[in-house]
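One-based numbering, in listed order, for ligands and for the atoms of each.
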Amino acid sequence: MAFYVTTPIYYVNAAPHLGHAYSTIAADVMARHMRQRGEDVFFLTGTDEHGEPVALAAEKEGVSPQVLADRNAPRFRDLMPRLNASNDFFIRTTDAEHGAKVQEILTTIRDNGHVYEGTYEGWYCPRCADFKTDAEAGENHTCPIHRIALTREKEDNYFFRLSAFQDDLLRLYDEQPDFVMPRHHYNEARSFVAGGLQDVSLSRATLSWGVTVPWDPGHVFYVWFDALLNYYSALSYARPGEDLTQRFWPAQFHLIGKDILKFHTVFWPAMLMAAKLPLPEHIFVHGFLLMRDDAGEEHKMSKSLGNVLDPFAAIDEFGTDALRYYCMREVSFGHDGSVSAAGFAARYESELANDFGNLASRIIAMVHRYRGGTVPDAAPDAELAAELDAMAGEICALLDRADLSAALDAAWQRVRRLNRFVEEQAPWTLAKDEARAGELDSVLSSLAEGLRVVAVVLHPWLPESTEKLLGALGAPEIALDRARVQPGRLGAVARLDPLFPKPHG
Ligand code: MSP
């Protein structure tokens, strides 16, 4: 089965921060998990380089938008391998192939009768690149997200007849209650549509940084129409000489932050309907990473508020797996949650180093101490094996609905279960009594196999350390059908350095 997952494409107006890394890590967990299931996966991420957010930042720095984009896009591209993201392609909306596809699809939308000329008059946030209705504008016509004054815009441009799609969108929402997930964001999106839709600007005449409108070259397309189409255009040129559109479109999951819900849950399906293209299956809306200020109040982590955690610095100190784990563990996926350097260090210590790292070190050390480094070929504890065997199925069901937090928790329960098993069985006591050698064999085989099974399942979250661990266990296969207790699977095991050593603070 084909599985296509995307992240938002990131504005290149500044350096990446942890909020950007967050969406990418989440999509990567899903992509890796689906590959473990043997699915045909395509995972896309990239950068959004046109429009006012980038043009304004370039102006401030005294360079052209292209120079700024060329300077900043590699910072996002380079973040991907640092995060160990397994993206199959990195799209830049300044790619010529993308621009040509945008022109093609929007011309189709026009040919289908959904575009007209008109005058826009109203409020606009240049940082969101969003035309705000009175209801969306904050106090005194400010942007509720960026807290800057909205500008009053009046310009002649082309409009997309969004209002004509209200009924079709409501039908979509009624027929596919999992089109937008989780439920609270579905409700938000549906009520936005039910509240009535206004037509939206499709082009801008006052801006030159964008994809040229082919039927009126004095205009560029409004950046959101250009940006949303990345999900579709990338498939047509990601592999030179090959068009992957048939194979992967429509996408199974677009993962997005809740700040861009309206564009993805209203504009995007309407655009696809207007172009007569199939709709994505699910749009999963995650929450914000928040930071507390000195007064203890929580704010969205964002460049404009200046309260960002640098993912590169966190990786230097704790490693990539730790960052992936922390982001996925600390904040319930689909909700907002606070993050902090102190919280990161605490989870690193108590969960990665203690729960998981020490478990691995102890088990391997006991196999060496008591059985010369070879896992005994003995029947494992049946109850423990049953609990471990149930895990992969649970995790598949949870990840089918992008419940990344519950899935990670289901795996972590087993890590803790194995720790309890060590304490309950006290192999060090069994080892003192020759008559109980058979019991010790069974305990060691249960633990080593349990460790292997847990490592297979945790691989999408912790790719680097689980690979190291599975290598030491002499069982590198990560296909999910390996996540079952197989007596006799393991033999000689290698010694293992601590998986989560003291950080390089
Ligand atoms: N370029 C648009 C998206 C176009 S998609 C067709 C954009 N870019 S952005 O760089 O401003 O933000 C993109 C995404 O980054 C957000 O939707 C969200 O997924 C992620 N995040 C940015 N800050 C975040 C947090 N503080 N917390 C969680 N995610 C955040 O909007």
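Checked against a 3.5 angstrom limit, the closest N/O atoms of Ile256 and ligand 1 fall outside it. Looking at Asp48 next to ligand 1, an N or O pair under 3.5 Å apart turns up. For ligand 1, the polar-atom distance check against Gly257 finds a nitrogen or oxygen pair separated by under 3.5 Å. For the pair Asp259 and ligand 1, the shortest N or O to N or O distance falls below 3.5 Å.
Of the protein's non-hydrogen atoms, the one nearest atom 11 (O) of ligand 1 is Tyr11 CD1, 3.4 Å. Of all protein heavy atoms, the one closest to atom 13 (C) of ligand 1 is Tyr10 CD2, 3.7 Å. Counting only heavy atoms of the protein, atom 31 (O) of ligand 1 lies nearest to Ile260 CG2, 3.5 Å. Considering only non-hydrogen protein atoms, atom 21 (N) of ligand 1 sits nearest to Gly19 O, 3.4 Å. Closest protein heavy atom to atom 12 (O) of ligand 1: His20 CD2, 4.2 Å. With respect to atom 26 (N) of ligand 1, the closest heavy atom belonging to the protein is Met301 O, 2.7 Å. Of all protein heavy atoms, the one lying nearest to atom 3 (C) of ligand 1 is Ile9 O, 3.2 Å. For atom 19 (O) of ligand 1, the nearest non-hydrogen atom of the protein is Ser23 OG, 2.6 Å.
Because its NZ or CZ atom is both nearer than 6.0 Å to the ring centre of Phe288 and within 45° of the ring axis, Lys258 counts as a cation-pi partner of that residue. Relative to the six-membered ring of Tyr325, Arg329 misses at least one condition, a distance below 6.0 Å or an angle of at most 45° to the axis.
A salt bridge links Arg416 with Asp355; the closest basic N to acidic carboxylate O contact falls under 4.0 Å. Checked for salt-bridge contact, Arg324 and Asp28 meet the test: a charged N lies under 4.0 Å from a carboxylate O. Taking 4.0 Å as the cut-off between side-chain N and carboxylate O, Arg204 and Glu155 count as a salt-bridged pair.
The nearest non-hydrogen atom to atom 5 (S) of ligand 1, considering only Tyr22, Tyr231, Phe263, comes from Tyr231. Of the listed options Asp130, Leu289, Ile91, Leu255, Leu289 places a heavy atom closest to atom 27 (N) of ligand 1.
Residue contacts with ligand 1 do not include Ala129, since none of its heavy atoms lies under 4.0 Å from the ligand. The shortest heavy-atom distance from Lys258 to ligand 1 is not under 4.0 Å.
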Assess whether ring pair (Phe, Tyr, Trp, His ring centres under 6.0 Å) is satisfied between Phe225 and Phe221, documenting all intermediate values. CA-CA 7 Å; Phe225 286 86; Phe221 285 115; 8.0 Å; no
CA sep, side-chain torsions, deciding dist, call: Tyr222, Phe160, ring pair (Phe, Tyr, Trp, His ring centres under 6.0 Å): CA-CA 10 Å; Tyr222 170 40; Phe160 171 57; over 10 Å; no
Under the criterion ring pair (Phe, Tyr, Trp, His ring centres under 6.0 Å), I'd like the reasoning laid out for Trp249 against Tyr231: C-alpha separation, chi angles, the key distance, then a yes or no. CA-CA 9 Å; Trp249 192 260; Tyr231 302 131; 7.7 Å; no
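Taking the six-membered ring for Trp and thresholds of 30 and 60 degrees, His286 and Tyr22 have ring planes more than 60 degrees apart, a perpendicular arrangement.
Against a heavy-atom cut-off of under 4.0 Å, Gly287 is close to the following atoms of ligand 1: 28 (C). Atoms of ligand 1 lying under 4.0 Å from any heavy atom of Ala227, numbered from 1 in the order shown and given with element: 6 (C).
When atom types are taken as modelled, the side chain of Ser236 and the backbone of Tyr232 share no donor-acceptor pair closer than 3.5 angstrom.
Side-chain contact between Phe179 and Pro269 is present, with at least one heavy-atom pair separated by less than 4.5 Å.
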